[in-house]
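Data first, discussion second: the structure below is written as structure tokens.
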Number of protein chains: 2
Amino acid sequence: MSKAPAEMDVARSGIATAHDVAKVAGVSQSAVSRAFTPGASISERTRKRVLAAAEKLGYRPNQIARSLISGRSRLIGIGVGNLRNPFFSESLEALSVALDRAGYRSLIFPAIERPEVGSSLYDILNYRLDAVVLISTALSQAFSEACALAQVPIITFNRQSTDPNISSVVGENYVGARCLAAHLIAGRHDRYAFIAGGAESSTSQEREAGFADYMAERGLPPPMREESRFTFEGAAAATRRLLMSASPPDAICCVNDYTALAALNVAREEFGMVVGRDISITGYDDVPMAGWPIFALTTYRQSCDDMVDNVVRMIDELKQGQGAASKIVLGGELVVRGSTRTAR
Amino acid sequence: MSKAPAEMDVARSGIATAHDVAKVAGVSQSAVSRAFTPGASISERTRKRVLAAAEKLGYRPNQIARSLISGRSRLIGIGVGNLRNPFFSESLEALSVALDRAGYRSLIFPAIERPEVGSSLYDILNYRLDAVVLISTALSQAFSEACALAQVPIITFNRQSTDPNISSVVGENYVGARCLAAHLIAGRHDRYAFIAGGAESSTSQEREAGFADYMAERGLPPPMREESRFTFEGAAAATRRLLMSASPPDAICCVNDYTALAALNVAREEFGMVVGRDISITGYDDVPMAGWPIFALTTYRQSCDDMVDNVVRMIDELKQGQGAASKIVLGGELVVRGSTRTAR
DNA sequence: CTGAAAGCGCTTACAG
DNA sequence: CTGAAAGCGCTTACAG
């Protein structure tokens, strides 16, 4: 039994095109395109025939060609920094799943602090991304301008930009840090400290301000302060400096859970302290590990899923051409566990 | 001062094309293309002029158009599963950075166990990926066939497939598990257990076989056995079953670090055991957390970076048309820490 | 509802 | 070295 010419072509070239399907189905190439375009003007009968032929040839519309002509790639760039922080890996996973459901694909790229000119950071813009999401990453002026030129909207996740043209989804950091401060004060500690991230991070700034302001309002002296640079080793070193000082703190508010986990390790293993008795330590985020029995970290919960849902909604809105950037702040809640004492 | 027509067009349409640049530079559109193609036949003088015009207009070649015509997208699909396991998030980050350096972009997609037909899993193939890398994910027959049809090579990372056409990069699981078995036996324990992942995982199978074979060779009874399904809660439950049994083990070999961390939590916090004295627990991978003082997990190290480098090399080779799939097995090393006892 | 045709923004033989 | 032209695989007015 001899095959139809179109099928033979396909067998030879490997990947079927709309043209091949059209030949097999006995319709025009336009009809093939319409069969794969939801809402396109095509009869049910034709559609069925095209789909049958496509099935037989293993045809699927080439997204690259589609993107070229439509001007939209359905690709979202996601800038990721330090995935060792579980909040970021959790966010990335949740975001990619949510985008996937909404019909977008995730193009991840390493969000380096100071990219060289002509680095790959800019290369991704050549894929005509529908949007760029930066997960907990500082936004360089150069990259921001490149995105504007390429007409790619930027959304910062868990970070804020002062630029009114940039959308963002963040937690209520100032409020959350005040909550943690109030909780620690209720435990009647003697000396308070804050382990920050880095000065360039809006999130770190806001949490530190909330904590320090609350202390000041209660007439307490300014808390001791160290920086972690958001790394485990940085946070461990910051904790050591704090605990080796002449009058060490007995309450440490850390900029996030990852940092707090480092502080907890050092206090317990290097200084032999019982966390929750000799010293109280708080985090921020409520990552799954914070709930591990061995840590039992008191923290302020941010819902990664809520944040992600808002990002996806923003992207959908941007698509509809409702151009304005928006800034969303989401609530959270205090989660008290064993790493803080509540009474003397 | 009036602008040249080309510049005005650009200002209007937004994104400059090679045509716009050609007009401004006073050359053909082909010349513009050549200026951006390394090794293309073009004089230095023309190239300079084109680059200057491109700079002025903020032009960068549209990768979508480039991909369409060249048939190669420079896009690598990365299937990710459970990023809560730090070995996977670490691998993902290392892989995306390495691919980036090699000139590829990473398209991540949720690697669901049993995808529905027509799910997004198949949609990514329409981007004409240069390759797909599956990080610790089981490969479904349907997806494998779809990739073959779309002519997209598959590389499994930290997993093996029996299909000879599929490339893989894995650690020496059988050897590593034997090492861990030898180490535990040297500590003279009474009863041994193995917490596996799932039966469909080649990695879990190999490690379990290595462990059990070594025990058998030493004339020891078959170790107790539980499954974790690779989740924290699954591993915690498995540990509970083990420790609540009539004759509980005093040595547990876990399929990976993430699982071992759960076992350690349960043994310490729920059963009040001192890990490394009352019970020995081992992991596999040597993720950063394994080295945290609070865990001090004995484990078998796999170098994520080595594995990633091999994946990138494979992709480069596949590009050159050296079609054959290859299977690479990488060595590792035992890392002894405090979670296992070495003498009674 | 359907097909022929134009065109998305590039790369790459083909002549010169 | 350079330009005109064909074409990658689609979508989408435009007629019918």
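Proteins get letters first, then strands, A, B, ... in listed order; numbering begins at 1 in each. Since the structure is predicted, the reported quantities are computational estimates derived from the model, not experimental observations.
For the salt bridge (Lys or Arg N to Asp or Glu O under 4.0 Å) criterion with A:Asp123, the lone passing option out of B:Arg101, B:Arg74, B:Arg60 is B:Arg74. Of the residues A:Val308, A:Val311, A:Ile78, the one that meets the side-chain contact (heavy atoms from CB on, under 4.5 Å) test with A:Leu99 is A:Ile78.
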Quick tally for nucleotides 6-12 of chain C: nucleotides whose base has a protein heavy atom under 4.0 Å get B, sugar-phosphate-only ones S, the rest -, giving -BBBBBB
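Around the NZ atom of B:Lys327, the shell of radius 6.0 Å holds more than 12 heavy atoms that belong to other residues, nucleotides or ligands. Residue B:Glu44 places its CD atom among more than 12 non-hydrogen atoms of other residues, nucleotides or ligands, all under 6.0 Å distant.
B:Gln29 places no side-chain N or O within 3.5 Å of a backbone atom of B:Ala18 that could act as its donor or acceptor partner. Between the B:Asp130 side chain and the B:Ser73 main chain, a donor and an acceptor come within less than 3.5 Å of each other.
Within the structure, a side-chain polar atom (N or O) of A:Ser28 is placed less than 4.0 Å from OP1 or OP2 of C:dG3.
Between A:Arg45 atom CZ and C:dT2 atom C1' there is a gap of 12 Å when expressed in whole angstrom units.
Using cut-offs of 30° and 60° on the angle between ring planes, the pair B:Tyr122 and B:Phe143 is tilted.
Counting non-hydrogen atoms under 4.0 angstrom, B:Thr46 reaches the backbone sugars and phosphates but no base.
Across all their heavy atoms, A:Pro61 and B:Asn126 have their closest contact at O-CB, 3.3 Å.
Stem analysis of DNA chain D (Watson-Crick or G-U pairs, both distances under 3.5 Å, runs of at least three) returns C:1-3 with D:14-16, C:5-12 with D:5-12, C:14-16 with D:1-3.
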